[in-house]
Amino acid sequence: MKRSIFDEVIDRQNTSSEKWDALSTVYGTSDALPMWVADMDFPIPKEVQEALYSRISHPVFGYTFPSHAIDKAIQKWLKIRHDWQIESEWIGYSAGVVSGIGTSISAFTNPGDQILIQSPVYKPFFDMIEHLDRKVVNSPLLINNARFEIDFIDFEEKLKSGVKLFLLCSPHNPGGRVWSKEELIKIGELCDQYDVLIVSDEIHADLALSHSKHIPIASLSNSVANRTITLMAPSKTFNIAGLQASLLLASNPEHKKQIEKIQIQNAFHGVNLLGLTAMEAAYQYGEPWLNELLPYIEENIQVAEAFIAKELPTLNVMHPDASFLIWIDCRSLGWTDEKLQDTLLNKGKLALEPGPKYGQGGEGFVRMNIGCPRSVLLEGLERLKRALS
């Protein structure tokens, strides 16, 4: 059987890796297997590494700017992967999707304004709203047949309350849900009806699995695009999050102008040189690598689901449509979240993300990162069994 490049176990300790080297700070222990932070333990595409080597070989690292070539690579990527034709004038850059969220909130709302989210959801959604003195309005997701759904009755009621901006997580983190075209159309119609701006975090878009197709919400119509800021990045896709390079896409020129105004006020003058180098190479040459990665992730998901179904049948895995993260329902144990985390860490020696971190609806869940070599995944599953059996 041919060995995959993703089977290689790479030692990431002592590389200032948050996932591996910050365990003692975050979890109070250094001997747990880290399956928490959402980056993968896989080598990046060789073409990206070679592009970085090539640029590093040049002895001058002066100020830089995004070239015409990188715009073309982005346009080509979005057209091929997502059937979304964008113009180069729509493209803006940010140091990360979270930075893009903060920039968008600052650009289009004022302190005290209401911003809508759907929990459980990525923690920085809460954090950026609160840090910028805005008010969180939550429309919790429903679970139906172990799958997240939008409560559109509640969603509309919350929009009516004076919400200025909606933070959409698409695909969803932590549930891995890829929203259907019908759901996205409904979101667009309601936000149009109540004049609410959409800021769509689509960082996991490229990681949609074989049974799913991600649809950028801004690609639905000119009307939706005109009120949408789309945040994307190669960081999750190609495992280059540490290079801090992401996209801020806006077809509305007034939105683009306002975003640039806030970035200037925040003294943001562009993405670093190596981040741009990696982004261009990833979008230009990374597709074969990604096409090899996705089946590996999919098999990891299948391995995890089969193991849990057999060895820990009281737990339930929310099958993801996208990403390398699985959301595990442990509520049948009847434990507090504190007991669950303590048992995972001290009995299982396993570090998973606690569900309550993602807000209302996260209680009794944990998030496991399965973006790792198969052998590491199997070790993590054995530790999960040891902790919870």
Side-chain angles (χ1 to χ4, degrees), residues 3-44 122-123 173-176 204 207 236 239 241-242 293 296-320 323-330 333 335-358 362 364-389:
R3 183 176 172 84
S4 169
I5 61 169
F6 305 114
D7 284 324
E8 178 187 1
V9 178
I10 300 171
D11 185 2
R12 297 182 62 193
Q13 295 187 39
N14 302 313
T15 63
S16 297
S17 162
E18 183 178 5
K19 181 194 241 178
W20 288 87
D21 294 330
L23 268 176
S24 57
T25 301
V26 178
Y27 286 90
T29 181
S30 59
D31 64 351
L33 181 65
M35 302 182 81
W36 60 300
V37 172
D39 65 15
M40 298 181 285
D41 291 323
F42 299 137
I44 67 174
Y122 186 47
K123 187 175 184 293
N173 175 15
H204 292 100
L207 295 167
K236 302 295 185 188
N239 207 30
L293 170 73
Y296 193 92
I297 289 175
E298 199 143 12
E299 192 168 338
N300 269 4
I301 292 168
Q302 292 167 358
V303 167
E305 289 178 337
F307 182 97
I308 291 171
K310 179 182 178 182
E311 304 294 343
L312 295 162
T314 61
L315 305 189
N316 188 44
V317 178
M318 185 174 285
H319 183 72
S323 190
F324 48 87
L325 307 167
I326 58 174
W327 187 238
I328 305 174
D329 186 350
C330 305
L333 297 173
W335 295 357
T336 64
D337 289 291
E338 292 75 17
K339 179 179 179 180
L340 179 58
Q341 280 296 309
D342 181 72
T343 305
L344 288 170
L345 282 171
N346 295 307
K347 186 179 177 185
K349 302 298 180 183
L350 181 65
L352 303 182
E353 286 268 81
K357 182 175 179 178
Y358 300 86
F365 287 80
V366 291
R367 193 190 75 175
M368 174 182 273
N369 179 347
I370 53 85
C372 56
R374 189 76 33 77
S375 60
V376 176
L377 171 62
L378 291 171
E379 172 63 24
L381 291 170
E382 289 291 344
R383 292 181 184 220
L384 183 67
K385 176 183 174 182
R386 184 169 72 228
L388 302 183
S389 295

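FYI, the numbering just counts along the sequence from 1. Quick caveat: nothing in here was measured; it's all calculated off a predicted structure.
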task: Answer whether the closest heavy-atom distance between the side chains of Pro320 and Ile326 falls below 4.5 Å.
output: yes
Evaluation steps, side chain to side chain contact (heavy atoms under 4.5 Å, CB included), between Leu352 and Leu384: CA-CA 10 Å; Leu352 303 182; Leu384 183 67; 4.2 Å; yes
- request: Grab the two heavy atoms, one from Ala32 and one from Arg383, that are nearest each other, plus how far apart they are.
  value: C-NH1, 4.1 Å
message: Main chain of Asp342, side chain of Asn346: is a donor-acceptor contact present, judged purely on distance under 3.5 Å?
response: yes
- request: Check whether any side-chain heavy atom of Glu353 lies under 4.5 Å from a side-chain heavy atom of Leu325, and answer yes or no.
  value: no
query: Can you tell me how far the CG atom of Asp337 sits from the CZ atom of Phe365, to the nearest 0.5 Å?
result: 10.0 Å
- request: Verify side chain to side chain contact (heavy atoms under 4.5 Å, CB included) between Leu23 and Trp36, making sure each step is shown before the conclusion.
  value: CA-CA 10 Å; Leu23 268 176; Trp36 60 300; 4.0 Å; yes
Donor-acceptor contact below 3.5 Å, side chain Lys357 vs main chain Lys123: no
- request: Give a yes or no answer on whether the side chain of Lys19 reaches the backbone of Asp39 with a donor-acceptor pair at less than 3.5 Å.
  value: yes
field: Nearest-0.5 Å distance, CG of residue Asn369 to OG of residue Ser323
entry: 8.0 Å
- prompt: Ignoring hydrogens and geometry, is there a side-chain-to-backbone donor-acceptor pair from Asp329 to Leu315 under 3.5 Å?
  reply: no
query: What is the minimum heavy-atom distance between Tyr27 and Pro354, and which atoms define it?
result: OH-CD, 4.1 Å
- line: Here the gap from Leu207 atom CG to Asn173 atom CG, rounded to the nearest 0.5 Å, amounts to 11.0 Å
query: Considering all heavy atoms of both residues, which atom of Lys347 and which atom of Ala387 are nearest to each other, and what is their separation?
result: CD-O, 3.5 Å
- prompt: Below 4.5 Å, heavy atoms only, C-beta onward: do Met35 and Leu377 meet side chain to side chain?
  reply: yes
query: Is the side chain of Asp41 donor-acceptor paired with the backbone N or O of Ile10 at a distance under 3.5 Å, no angle test?
result: no
message: Nearest 0.5 Å, please: how far is CG in Leu344 from CH2 in Trp335?
response: 7.5 Å
task: Quick one: do Met368 and Leu381 satisfy side chain to side chain contact (heavy atoms under 4.5 Å, CB included)? Show the steps, please.
output: CA-CA 10 Å; Met368 174 182 273; Leu381 291 170; 4.2 Å; yes
- prompt: Could you go step by step and tell me if Ile297 and Met40 meet the side chain to side chain contact (heavy atoms under 4.5 Å, CB included) rule?
  reply: CA-CA 10 Å; Ile297 289 175; Met40 298 181 285; 4.1 Å; yes
query: With ring centroids as reference points, do Phe42 and Tyr296 lie under 6.0 angstrom apart?
result: yes
- request: Salt-bridge test for Glu382 and Arg386: reply yes if a basic N is under 4.0 Å from a carboxylate O, no otherwise.
  value: no
- prompt: So, does Asp21 use its side chain to make a donor-acceptor pair with the main chain of Ser16 at under 3.5 Å?
  reply: yes
Do any side-chain atoms of residues 300-311 form donor-acceptor pairs under 3.5 angstrom with protein atoms, and if so which ones, sequence neighbours left out?
residue: Asn300; atom: OD1; partner: Arg374; partner atom: NE; Å: 2.4
residue: Asn300; atom: OD1; partner: Arg374; partner atom: NH2; Å: 3.1
residue: Asn300; atom: ND2; partner: Ile370; partner atom: O; Å: 2.9
residue: Asn300; atom: ND2; partner: Cys372; partner atom: O; Å: 2.9
residue: Glu305; atom: OE1; partner: His319; partner atom: ND1; Å: 3.2
residue: Glu305; atom: OE2; partner: His319; partner atom: ND1; Å: 2.5
residue: Glu311; atom: OE1; partner: Lys385; partner atom: NZ; Å: 3.0

